[in-house]
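Okay, structure first, notes after.
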Amino acid sequence: MQLQILVVDDIAESRDALCAAVTALGHLARGADSGAGALALFRQQLPDLVLLDLLMPGMDGFEVTRRLRELSPTRWLPVIVTSSLSGEQHFIEALGSGADDYLTRPVSTALLDAKLRHYGGVLALQQRLSSLAQRQSDILDNILDPVLTLDETGRISELNRSAHELADLGGQALVRGQPARAVFGVDLAQLLELREVQVQRVGGGSFVAEIGASQWREMNRQHYTLVLHDLTRRRQLEQMKDDFLATVSHELRTPLTSVIGAVGLLAGGAAGALPASATPLVDMAQRNAERLNRLVDDILDLTKLEGDRLPLQLREQPLAPLLREALQAAETQAQRQQVSLLAEGLDTPGLPDLNIDGHRILQVLGNLLNNAIKHSPPGQSVRLTLSGKPSGVTVTIRDRGPGIAPALRGRLFQKFVQGDSGDRRTSEGTGLGLYIAQTLAGRMGGHITVDEPGDGAAFSLHLPAAGSVGELAPVLIHVDRDLQSRQRVAQWLSPHYTVRSAGSLEQARALEATEAIAGFIANPQDQGAADTFCAELRRLAAGRPMLLLGDSIDQDFCERVDLPWLAAAEAQAENLQQVLHLLLTLPSSEPTP
Amino acid sequence: MSEQLRRILCVDDDADIRLLLDYSLTQIGGYEVRCCADGPSALALAPQFHPDLVLLDVMMPGMSGPETLVALRALPEMQGVPVIFVTAKALPSDLEPLLQLGATGVIVKPFNPMTLPDDIRPFWEYGRGQRNA
């Protein structure tokens, strides 16, 4: 790299010689005969490097070095001092004053060349770094969403261009150094757990923003970058979708009503007796029309559920009357399949009222009962059992059918999964029932579990008592250094479990002291020695269930410390929930892997 | 308006639904039925037909079901005549506002044409009880 070098020396002869040497090495040289002259030239045009003689009248080299540093605070300027004095003391003092290197006079050309190459290389690196930083800044400025970077203390360290349009709670434009609380009303820790936040604009107005938060480390310090995405447009689109759905619903249902009605009249004999050959055709039309109807209902429910736009009419009420209603509604289908419906525990005294939407509970029960009846061989029974405690109730619906195929076990509650044995024709189901049922149960603070009691299948609907939503959802502490892992796990486990996230055992201890915790999930990665971490975790858990979740450990380690383990690679929402359900319902406090 | 449920007025913009309603209520229910395709024709027919009960679709182009209800109620001949809304929406949150408007009841589509003649009786009796109160 060719450098622009400023040579400062009051003695013309040595100055010219050095300039010549520099030029001969392929660089450009300018000379100054004094400190003052150097500073003057410096102000005109910044050189890449300065060769500075230490002993000069007027301003000496030490002073010049200090002044040069002041004039170029952001850009690094290598200063090489020269001196013909013997001894190292003056060089030590020069390096202390800000010089980067020294050369003894007379200057060796070879040594000068080597040093200039070296500093040339460093300057090239610096230039690359500088252009990379500029590029990053340009990219960030091109992002339409405001992007903020906060330091560990929650203060703003960087803003992109869009972020300059945001205002703090006082209506003023954001400035570096401002704490998160002044802008969002909450501290950094709370902000990271939020998914949406209200944001002000300079000049008035505000919007709801979705927060995309990521955490990164630089030189042992944590930084947090937040991308704030305006949700206004999305909300408008959702409203349009709702309006569209309402129209589609009507448009689909009207012809369906005609088909179902007309075929119903035919089947009912209202148009006279049908020839025997017509009956199976009319039955087929009726069944499929009803199936289409259910599918339309399910799809509309699904779209609203997934968009979080399904309103629930919650009311405190006992469950038993709804169970009776559900059993009655399922009677027709049961009779048709020659399956008997048995009920147990409906008169159990002392069961708590639940805060539920009766209509939706009937939907869930209908789904579970219809599945049970569908899979029951003729002559068998489907048994519905109600039980409970002051904290909540459980309804178990058990059939004596073929049970659940192993391949389906983990996927039962997913969309469009149907359980059919090979020789059965495709069911009248929609494949969405269990998924909708689980989601509805979750919206009311409950969840559905499935067991295989040997012969058949048993589905249990668990619902919390009114006023205690969340009590039946156990509270767990999840310890993980990584922010994204914490967010992911919390999302997987809600709403069946309430997760309190912590970055370290220390934070976990603080959380544990403030509320009743049912269990612990922990990732030993980046938490110091894994053995020590596990020992301290065990002490904190004090007999409560623990689960290690992460990839920095292996089966051998977990056997050694005797703790159950789920590899992050295997962990998905369902596996994690199943493992936790197992751990939390074990009677003894010592977990088994 | 008679002491028995004899005459029923149906209002729905869909021709097939009108046919179903007519078929069901006439052939199976034995009632005397008139069908109209929109609010304005219903308002014109009602004073002459003197229905004992009205079945009214909610979503209609032009004059909507609720608008037709309000207009019907304003007619002197229609005082105390029960009006049942027929609608595809079934959530309690959808039904509430309809009842608030003064409808006697709501029947959800798809209805069962075999049982419709019986299904409407409780509404008529309820409405009748109100009239005599």
Side-chain angles (χ1 to χ4, degrees), chain A residues 242-243 245-272 282 285-301 304-305 309-315 317 322 332 356-363 366 440, chain B residues 8 10-31 33 35 37-38 55-62 64-66 84-100 106-120:
Chain A
D242 272 342
D243 295 340
L245 277 178
T247 311
V248 166
S249 160
H250 181 256
E251 295 303 318
L252 282 175
R253 286 204 163 106
T254 304
L256 261 178
T257 303
S258 300
V259 171
I260 290 174
V263 172
L265 284 171
L266 275 177
V282 167
Q286 199 169 26
R287 257 186 294 111
N288 281 283
E290 282 169 15
R291 182 176 168 192
L292 259 178
N293 198 36
R294 283 195 298 274
L295 192 56
V296 168
D297 283 343
D298 276 354
I299 290 179
L300 288 170
D301 273 351
K304 285 191 212 158
L305 271 175
R309 291 191 304 288
L310 191 88
L312 290 180
Q313 310 283 322
L314 298 175
R315 199 169 55 81
Q317 53 189 302
L322 290 168
T332 326
I356 48 179
D357 180 326
H359 173 80
R360 295 294 174 182
I361 287 291
L362 285 174
Q363 189 176 351
L440 283 172
Chain B
I8 303 180
C10 299
V11 192
D12 195 307
D13 62 303
D14 185 280
D16 288 334
I17 304 280
R18 287 200 300 275
L19 183 63
L20 269 177
L21 288 169
D22 192 331
Y23 203 103
S24 162
L25 295 170
T26 309
Q27 308 281 19
I28 300 177
Y31 302 114
V33 177
C35 292
D38 54 41
L55 285 173
L56 182 52
D57 183 23
V58 171
M59 282 184 76
M60 290 192 290
S64 74
I84 303 176
F85 270 123
V86 180
T87 177
K89 299 192 187 191
L91 297 180
S93 56
D94 301 315
L95 305 183
E96 243 335 285
L98 296 177
L99 294 171
Q100 300 279 9
V106 179
I107 284 185
V108 178
K109 284 187 217 178
F111 53 83
N112 184 343
M114 297 298 295
T115 63
L116 185 67
D118 292 327
D119 292 338
I120 55 178

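Only heavy atoms go into these numbers, but all of them, side chains included; no hydrogens, no water, no symmetry mates. Every chain is numbered from 1 and lettered A, B, ... according to where its sequence line falls, protein lines coming before strand lines.
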Could you pull out all residues at least two apart from [X] that satisfy side chain to side chain contact (heavy atoms under 4.5 Å, CB included)?
X	result
A:Leu312	A:Leu310, A:Leu314, A:Asp357, A:Arg360, A:Leu440, A:Arg443, A:Met444
A:Ala285	A:Val263
B:Asp16	A:Ser258, B:Asp14

Problem set entry | Residues in residues 21-31 of chain B that sit under 4.5 Å from chain A, counting heavy atoms only | B:Tyr23, B:Ile28

Exercise. Between A:Leu256, A:Val259, A:Leu265, which has the largest tally of heavy atom pairs under 4.5 Å with chain B?
Worked result: A:Leu265

Problem set entry | Segment of A:Ala267 engaging chain B (4.5 angstrom heavy-atom cut-off) | neither

Problem set entry | Nearest atoms (heavy-atom pairs only) where A:Ala270 meets B:Met114 | CB-SD, 4.1 Å

For this session: Can you see which heavy atom on A:Gly261 is nearest to which on B:Pro113, and at what distance?
Result: O-CG, 3.1 Å

Exercise. Which value, rounded to the nearest 0.5 Å, describes the distance between B:Leu20 atom CG and A:Ile260 atom CD1?
Worked result: 10.5 Å

Seminar exercise, completed: So OG1 of A:Thr257 and CG of B:Asp12: to nearest 0.5 Å the spacing works out to 9.0 Å

